[in-house]
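Please read these numbers as outputs of a predicted model, since none were measured by experiment. All chains are named by letter (A, B, ...) in the order of the sequence lines, taking the proteins before the strands, and each is independently numbered beginning at 1.
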Amino acid sequence: MSESKWNRGVAVVGVGLSKFGAFKEKNSRDLFVEAYLDLINSMHRYDPKKVEAFYLGNFSSDQFEKQAHLAPILASWVGLSPIPTVRIEDACASGGVAIRQAALAIASGQYDVVLVGGVEKMTDLEIAAVTEALATAADTQFEVPAGFTFPGFYAAMASAYMHEYNAQRDAFYHVSIKNHSNGALNDKAQFGQTIRSIMESKKARAAQKGRPVPEWEDEIDFLSDPKGNPMIAWPMTLFDCSPVSDGAAVALLVSEDLASTFTDTPIYLVGSGQASDGALPERETLSSIPAAEEAGRQAYHMANLSPKDIDLAEVHDCFTIAEIIATEDLGFFERGAGWQAAIEGKTARKGDHPVNTSGGLKSKGHPVGATGVGQVAEIWKQLNGIAGERQVPGDPKIGLTHNVGGTGQTCVVNIFERRDLNG
Amino acid sequence: MSESKWNRGVAVVGVGLSKFGAFKEKNSRDLFVEAYLDLINSMHRYDPKKVEAFYLGNFSSDQFEKQAHLAPILASWVGLSPIPTVRIEDACASGGVAIRQAALAIASGQYDVVLVGGVEKMTDLEIAAVTEALATAADTQFEVPAGFTFPGFYAAMASAYMHEYNAQRDAFYHVSIKNHSNGALNDKAQFGQTIRSIMESKKARAAQKGRPVPEWEDEIDFLSDPKGNPMIAWPMTLFDCSPVSDGAAVALLVSEDLASTFTDTPIYLVGSGQASDGALPERETLSSIPAAEEAGRQAYHMANLSPKDIDLAEVHDCFTIAEIIATEDLGFFERGAGWQAAIEGKTARKGDHPVNTSGGLKSKGHPVGATGVGQVAEIWKQLNGIAGERQVPGDPKIGLTHNVGGTGQTCVVNIFERRDLNG
Amino acid sequence: MAEFSMNSKDFFTALETDQLIGSHCLDCGAMVVPQRGICPRCLGSNTEIVSLSGKGTLLAFTVIYVPSLMMAQAGYDAKNPYCVGVVKLDEGPKISGQILDVDVSQPESIQIGTKLIMTTIKRGGEENEKTYLGFRPV
Amino acid sequence: MAEFSMNSKDFFTALETDQLIGSHCLDCGAMVVPQRGICPRCLGSNTEIVSLSGKGTLLAFTVIYVPSLMMAQAGYDAKNPYCVGVVKLDEGPKISGQILDVDVSQPESIQIGTKLIMTTIKRGGEENEKTYLGFRPV
Ligand SMILES: [Zn+2]
Ligand SMILES: [Zn+2]
């Protein structure tokens, strides 16, 4: 039995993604159109005139493109005016929160059909300006003046985690290697190469230029070498960090009773949770993200499911430590056991708890506002068995998305279920 | 009979306001605390532990304070973590849309008690930077490069309006005079002076400094003189424009059935509508705001009310022309009759259609994200008969808020009703 | 018009060669400016880029005394105000642009309905020079 | 502590005179830093400003090689990295600050649990100089 308080259920009936990457020629609206066309082209029964509202997850087009008030512009650009449009901003969790707010609006009875979008166009700015913009997701009055950068926050959490659980730094590298190996099978990914192929091409380039060829034995050896993988904020290296990205994602949400009129393969939003927190110093612990645990607890309760029921999860690996903590916050592993599980391959595509089959933020890219919506797109594909080469085996039925804003000031967890037609 | 599709009704059970103005010593969080304390101190039965979610309307703390992700910070600052927090951004309509999204979330069944906040801290930036930030509410890719400023957009709409209806420029001055006379009775207002007293103090200052004293006969004479009232964007003068402001507002929303456990004087959200539009050139007309008309139509339909049922309205007078157009978009007057109605005093406090008894954006101030929430605070006070000297006569029962983002890319209309206990 | 894409920046790329582009819906015939991949009338995605005449009519305008940063850098201020307006193109769609060669010292003299023709305007100095859309009376 | 208000900027005003301020709840006794008007434990609004000792313990840290703009302007870079951390004050609350006088060339050598004492740091050059919170080992 579901524990949902919602007036009615909500289903996802279609998704769309732009390519993630760095696209000089495209602005937010162009990326959004690309994702929207991907949705249209993948649905047989899409009728845009049925869309009643548009919810947009966007972190800061204000800062990246000097364009606020983006929601009505995007709706207008694809002909959806005058439907109500709302921009949701909860930093890196903007997309996941937009999914939840759209679902609540459907559950209220106000709308039957809602388009959710997520977009971020980050690569127009210089990297220093991007860094400054990302820092605005933290507390710029009290945390940033201490000297923190965004990688720095997660690095400090990593220091607390390593200290508390005696974790080995290699665990982080294993997350990176695994996510790149998944992303290599995702044609939308920004860095669709395995770490091994990145390593090999660095060797080849050195050879070509007549420089000494680095003697990296394997990926761990490569990632452990500051010449291959420079330190950003100890203990987080370059390959522990997700990239700066452009990209967009869309999902079409409808009331449960209408799902079958849009698609034969809906997935249902059976659990949703959201929580907030103060800055790092306001928290009881720094080796976990309390708001993520709370959001997960709410989502499991609403879905009447437990962590062992989750067939796969897309989690917010803005940094490798974040994925390890996420797998504990979500209850896939005991506290302090996540790093060992990562080393043992338990979160690999064919492991016990597949995590980030899309490549995650690390390899697929992290266009901030698009990330949470893009996670739903991956769950849609996996639950419907259309994820191609990266398909999780065993006919997965239940998938989870975990989207974190800032360092955990906002967390949202959504759980989706495929129901067999005869089920 | 109500035409509401909502699963359940929503009531406002308390409001709070900071002073609006320019406050060097206060940041967003301090303004928010001031408004929150005003709420607490005006409610006898407020229990913060019952608050289940926080929705924040904020236009661009990203640009004004280099602080995105403001919702969880504010919640944390008043001890409300870990409740879910959401920032809503729809430019100048952010506050009104936050009210609506919070109401939908309650209607869904997810939450029973939701705090809505609105805040903007605008005066830290130089005025040129404020102007640039405000312009990001319009289309910065296609409209702003034409040379438009924000006053310029509304000025262009004024030109179309004047041309279409042969309207006199004096009508705009009458809106300004009326709103300042209301604001003079509002202790939260940024410019709580009548136009006459502003005129007189300018005369007095000239006399003091031994300069020639301007011979303004009355307010219209003063406002018509470019020396007293410089042109900003023809035909909009300085006194046609709302100011740059700091301020915050909060409102506590609960499910209808719980209202009486919080207050003896709830007001009920009986109608709500929201619509979007493209940039000015995308529209059929420039002498009205189609999305405002559509939002009003939805709100009237849901409430099963018509314009003549509205006892008073807080409308979005970011510029005087905007108030005149609003009174037509909302059906208080026929198309083209709004300017004459303004001259005739029909929108005055004791007129047939009281509009902006708070002083409106013009006199009360326009801290962008706070504006839409602040409008609800005024309706609360008027419907409960506690508006003091500016109280609308005749025991008003139904009030409307009209909040516009950009030049009408987002519009939201909410209608509130007081129900007599024995009614 | 194969040289331009539906990406919104290409509107300005076209302007650099004095071309005003829009899009035309192959399904319902609607014309829009700037060009885009989705038709706002029928919501289909079967559109092509077309070139417009640049002729139109003034629909609404203002004379701006407190300029935007860009226009201040171009030399405008309260003593040197400028006109900007919304123009209805002969082909149907509307677009914003600076209106040149009108008497900004007498805003009341500027007539809605004035026939206009497009021009391009360079702003931003040598370093950041970009091309913008303007109009002037025919 | 009457000279400081609950306005958040006053935390830095206090720092300028080397004072670390927080607030103390008169209802439930909770201490928080920075100072604020609402108690995060009991949610009451009966708080007063108090001065803290500035003594604490390192809870978490990082050594940053790719600095923020502010720290780059202060001279830090990959060859001159800096340490920043979260400190648990002896009075209970936690706060972030730069950690001085630790061996940033050996991040592994920096120990969580190190006893620290506050210091103030000026950054921003003559024009924009501001006072920031830092800590160093006792
Ligand atoms: Zn068409
Ligand atoms: Zn307390």
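At a 4.5 Å heavy-atom cutoff, the contact between A:Gln409 and chain B is made by backbone and side-chain atoms alike. Proximity to chain A (any heavy atom under 4.5 Å) is restricted, for B:Glu282, to the side chain, taken from C-beta onward. At a 4.5 Å heavy-atom cutoff, the contact between B:Arg100 and chain A is made by side-chain atoms alone. The contact between B:Val97 and chain A is made entirely by side chain atoms (from C-beta outward), counting heavy-atom distances below 4.5 Å. Looking at A:Phe142, the atoms closer than 4.5 Å to chain B (heavy atoms on both sides) all sit in the side chain, from C-beta outward. B:Ala291 does not touch chain A: none of its heavy atoms, backbone or side chain, sits under 4.5 Å away.
Here the side chain of A:Ser276 pairs no donor or acceptor atom with the backbone of B:Ser81 at under 3.5 angstrom. Judged by distance alone, the side chain of A:Glu89 and the main-chain N or O of B:His69 form a donor-acceptor pair under 3.5 Å.
With chain A as partner, the option from B:Ala71, B:Gly405, B:Ser272, B:Ala279 having the largest number of non-hydrogen pairs under 4.5 angstrom is B:Gly405. Top candidate by heavy-atom pairs under 4.5 Å with chain B, chosen from A:Ala105, A:Cys411, A:Gly406, A:Ala275, is A:Ala275. Annotation: maximal heavy-atom pairing with chain B below 4.5 Å, among A:Ala107, A:Pro84, A:Ala103, A:Ser61, occurs at A:Pro84. Between chain B and the residues A:Ile73, A:Asp277, A:Val86, the largest count of heavy-atom pairs under 4.5 Å involves A:Val86.
Among residues 131-141 of chain B, the residues having any heavy atom closer than 4.5 Å to a heavy atom of chain A are, in sequence order, B:Thr136, B:Ala137, B:Ala138, B:Asp139, B:Thr140, B:Gln141. Contact annotation for residues 25-32 of chain A against chain B (heavy-atom separation below 4.5 Å, listed by residue number): A:Asn27, A:Arg29. Contact annotation for residues 48-59 of chain A against chain B (heavy-atom separation below 4.5 Å, listed by residue number): A:Glu52, A:Tyr55, A:Phe59.
Between B:Gly109 and A:Lys5, the shortest heavy-atom distance links the atoms O-CB, 3.3 Å. B:Gly278 and A:Ser76 get closest at one heavy-atom pair: CA-OG, 3.4 Å.
Proximity of A:Gln274 to B:Gln110: side-chain heavy atoms (C-beta onward) are nowhere separated by under 4.5 Å. Considering only heavy atoms from C-beta on, B:Asp90 comes within 4.5 Å of A:Pro72 through its side chain. By the 4.5 Å heavy-atom criterion applied to side chains, B:Leu104 and A:Leu104 are not counted as neighbours.
Every residue meeting the side-chain contact (heavy atoms from CB on, under 4.5 Å) condition with B:Arg297, not counting sequence neighbours, appears here in chain and number order: B:Glu294.
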